[in-house]
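Data block below; observations after.
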2 protein chains.
Amino acid sequence: MNDTQQVMAHFEATCRAHGLKLTHQRMEIYRMLLQSTEHPSAETLHKQLATRLPTLSLDTVYRTLATFEELGLVKRVETMSSQARFEAVIDQHHHFFCDQCGKLIDFHWHLFDSMGLPESLQTVGRIRNKNVVVHGVCDQCLSGEKSRS
Amino acid sequence: MNDTQQVMAHFEATCRAHGLKLTHQRMEIYRMLLQSTEHPSAETLHKQLATRLPTLSLDTVYRTLATFEELGLVKRVETMSSQARFEAVIDQHHHFFCDQCGKLIDFHWHLFDSMGLPESLQTVGRIRNKNVVVHGVCDQCLSGEKSRS
DNA sequence: TAGGAGTTAAGAATAAATCTTATTTGATGT
DNA sequence: ACATCAAATAAGATTTATTCTTAACTCCTA
Ligand SMILES: [Mn+2]
Ligand SMILES: [Mn+2]
Ligand SMILES: [Zn+2]
Ligand SMILES: [Zn+2]
């Protein structure tokens, strides 16, 4: 749980370390993703940034997110929704996905994180990470309060 | 581990129960998916069926897979590849995904399956299922034997 | 503060999936 | 076997998400 200042400093350091220019667009996209808790799509981000960067192109959002992903600053969330969903890389966590409205909810599961993988996986190759995806219907959808966003 | 005859019988029964016609296309698509171990995309399936059903349209593959998914006969696999990947619904299992070539490998993890979810998830809504997705690089890719399919 | 590599905006292009419509087919009853 | 017809399909158009192309722009360094 770093404070925003520190995270932004790390962001800038990472960009510099990779010879990337600190453009207004990159700063704002990253900042927006940091603030967000909703795992936005590129399109959602683009809309949310419209006020601050009225000329920002959707392509730049996609391109920038891909760049950040390569630097390990951003993750693409495991989901089957048609649009990709993103989040700033923070601590290790997992996701609940509402099959009805597409909402993503973070949760932590230390017991799982500390478990070793089953034997059968020892031979498949190099393992990078393991994640849990829980599917279901969120509370709001159950109570019929909210329609598909 | 049902034998194919039995599974096909169950398939036909399910279709009938839902008032679906047993078309040549539906039979062949389902049979092909049953045989397959590679979690094919709609396009891959379409190509593989070209010999048996030369006039089969890609749209029918998509439409049929969607129908089967609704009946619970087919699952869309959790993956971030651009094309959706499918499998016939069999027993509960999880997936290793090779980030390099897109190969999907099944594995079982009873210990995980029998675990309860963390407390924090008790309040999010109704839970339908929980799955593990392991990312990494497969053996073949590590030894540089196989390029992107 | 000038130069230049890297970055962006805009719109074209591509790729995956879905929709439209005319034709065909599986199921049902004869 | 044959007629009927709702359901399903083939073909191709369309939509949607994402990526590419290119000319203009902007951060960085000297
Ligand atoms: Mn998250
Ligand atoms: Mn599988
Ligand atoms: Zn919901
Ligand atoms: Zn591989």
Side-chain angles (χ1 to χ4, degrees), chain A residues 11-30 32 39-47 49-71 73-74 76-86 102 148-149, chain B residues 8 11-30 32 39-47 49-71 73-86 102 148-149:
Chain A
F11 163 75
E12 295 186 17
T14 306
C15 285
R16 273 188 232 287
H18 289 263
L20 294 184
K21 290 184 181 168
L22 283 170
T23 64
H24 197 196
Q25 291 88 335
R26 282 181 179 149
M27 305 278 276
E28 294 303 332
I29 290 171
Y30 186 72
M32 184 63 81
H39 308 82
S41 66
E43 204 181 346
T44 302
L45 266 175
H46 182 246
K47 274 176 194 148
L49 287 163
T51 315
R52 201 176 277 275
L53 300 173
T55 70
L56 178 70
S57 78
L58 181 56
D59 175 65
T60 294
V61 178
Y62 275 112
R63 196 167 8 82
T64 302
L65 287 169
T67 305
F68 290 169
E69 199 182 8
E70 279 165 24
L71 303 198
L73 290 167
V74 159
R76 201 174 286 264
V77 179
E78 201 90 47
T79 157
M80 288 179 300
S81 51
S82 59
Q83 287 182 295
R85 304 274 293 268
F86 301 86
R148 180 162 280 277
S149 66
Chain B
M8 285 306 296
F11 163 76
E12 296 186 19
T14 306
C15 284
R16 273 188 233 286
H18 290 262
L20 294 185
K21 290 183 183 171
L22 283 170
T23 64
H24 197 197
Q25 291 90 334
R26 283 180 178 150
M27 305 279 274
E28 293 304 331
I29 290 171
Y30 186 72
M32 183 64 80
H39 307 83
S41 66
E43 205 182 344
T44 302
L45 267 175
H46 181 247
K47 275 177 193 150
L49 288 163
T51 316
R52 202 176 276 276
L53 301 172
T55 69
L56 179 69
S57 77
L58 181 55
D59 175 64
T60 296
V61 179
Y62 275 112
R63 196 168 8 82
T64 302
L65 288 170
T67 305
F68 290 170
E69 198 182 7
E70 278 165 24
L71 304 198
L73 291 168
V74 159
K75 256 188 188 161
R76 201 173 287 264
V77 179
E78 201 89 47
T79 157
M80 286 178 301
S81 51
S82 59
Q83 287 182 295
R85 305 275 293 270
F86 300 86
R148 182 161 277 277
S149 66

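Remember, it's a predicted structure, so these values are computed and weren't measured experimentally. Numbered from 1 within each chain, the chains take letters A, B, ... in sequence-line order. Excluded from the calculations below are hydrogen atoms, water molecules and symmetry mates; all remaining heavy atoms, backbone and side chain alike, are included.
Residues satisfying the side-chain contact (heavy atoms from CB on, under 4.5 Å) criterion with Thr67(A), sequence neighbours excluded, are Leu20(A). Looking at residues two or more places apart in sequence or on another chain, you find a side-chain contact (heavy atoms from CB on, under 4.5 Å) between Lys47(A) and Glu43(A). Listed by chain and residue number, Asp59(A) satisfy the salt bridge (charged side-chain N to carboxylate O under 4.0 Å, His left out) test with Arg63(A) (two or more places apart in sequence, or in another chain). Thr64(A) pairs by the side chain to side chain donor-acceptor pair (under 3.5 Å) definition with nothing, not counting sequence neighbours. In this structure Phe11(B) satisfies the ring-ring contact (aromatic ring centres under 6.0 Å, His included) test together with Tyr30(B), Phe68(B), sequence neighbours excluded. Taking Ser82(A) as the reference, nothing meets the side-chain contact (heavy atoms from CB on, under 4.5 Å) condition, with sequence neighbours excluded. Under the side-chain contact (heavy atoms from CB on, under 4.5 Å) criterion, Glu12(A) pairs with Arg16(A), Leu22(A), Met27(A), sequence neighbours left out.
Whole-Å rounding puts the His18(B) NE2 to dA8(D) P distance at 13 Å.
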What's touching nucleotides 26-30 of chain D from the protein side, N or O pairs under 3.5 Å?
{"from": "dC27(D)", "atom 1": "O2", "to": "Lys21(A)", "atom 2": "NZ", "distance (Å)": "3.2"}
{"from": "dC28(D)", "atom 1": "OP1", "to": "Leu22(A)", "atom 2": "N", "distance (Å)": "3.0"}

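Sequence neighbours left out, the pairs with a member in residues 20-30 of chain A that pass salt bridge (Lys or Arg N to Asp or Glu O under 4.0 Å) are Glu28(A)-Arg31(A), Glu28(A)-Arg52(A).
Between the OH atom of Tyr62(A) and the OG atom of Ser41(A) there is a distance of 6.5 Å, given to the nearest 0.5 Å. With rounding to the nearest 0.5 Å, the separation of OG1 in Thr51(A) from CG in Leu56(A) is 11.5 Å.
With axes fitted over five pairs at each extremity, the angle between the ends of the helix from dT1(C)-dA30(D) to dT30(C)-dA1(D) is 40° (10° resolution).
For DNA chain C, the residues of residues 52-64 of chain A within the heavy-atom distance limit of 4.0 Å (strictly under) are Thr55(A), Leu56(A), Ser57(A), Asp59(A), Thr60(A), Arg63(A), sorted by number.
Although no hydrogens or angles enter the test, the distance criterion places no donor-acceptor pair under 3.5 Å between the side chain of Arg85(B) and the main chain of Val77(B).
Running 5' to 3' along DNA chain C, contacts with non-hydrogen atoms of chain A at under 4.0 Å begin and end at dA5(C) to dG11(C).
Across all strands, Ala66(A) comes closer than 4.0 Å to no nucleic acid atom at all (heavy-atom distances).
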